[in-house]
Amino acid sequence: MYGQKPKEAKFYARQGRFEMVVWNDPPPGDSQCVAFSGRTENQLVRDILDGKYNHLFKNGPRMADSMA
């Protein structure tokens, strides 16, 4: 199964040795997501999986991470 999208999966992404399998559609709540991000949940998840927010993780831990 590794390295290919399972036929039951809704979405599959692989980068190097890491992979993500999405089995279900996102839960409802688009109006809240649009209010905070300007994108629907589906659009936001796809953007995250496509790496459009990778720059947020490149500079090491944030203050919120160190407080946990």
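All figures in this text were calculated on a predicted structure; none of them were measured in a lab.
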**Q** Residues two or more places apart in sequence or in another chain: which of them pass side chain to side chain contact (heavy atoms under 4.5 Å, CB included) with Gln15?
**A**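 With neighbours one apart ignored, the set is empty.
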**Q** Return the set of residues passing side chain to side chain contact (heavy atoms under 4.5 Å, CB included) with Leu49 (not counting sequence neighbours), or none when no residue passes.
**A**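 In terms of side chain to side chain contact (heavy atoms under 4.5 Å, CB included), with neighbours along the sequence ignored, Leu49 is linked to Phe11, Met20, Val22, Val45.
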**Q** Could you measure the distance from the CZ atom of Arg46 to the CZ atom of Arg39? Nearest 0.5 Å is fine.
**A**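 Arg46 CZ to Arg39 CZ: 11.5 Å, rounded to 0.5 Å.
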**Q** Quick one: CG on Asn42 to CG on Asp47, what's the gap to the nearest 0.5 Å?
**A**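 So the CG of Asn42 and the CG of Asp47 are separated by 9.5 Å.
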**Q** Closest approach of Gln4 and Tyr12, non-hydrogen atoms and distance?
**A**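 Minimum heavy-atom contact is N-OH, 3.4 Å.
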**Q** Can you list everything that forms a side-chain hydrogen bond (donor to acceptor under 3.5 Å, both in side chains) with Ser37? Sequence neighbours excluded, please.
**A**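 Ser37 satisfies side-chain hydrogen bond (donor to acceptor under 3.5 Å, both in side chains) with no residue once adjacent residues are dropped.
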**Q** Any idea which heavy atoms bring Lys10 and Lys5 closest together, and the distance?
**A**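 The answer is O-NZ, 3.8 Å.
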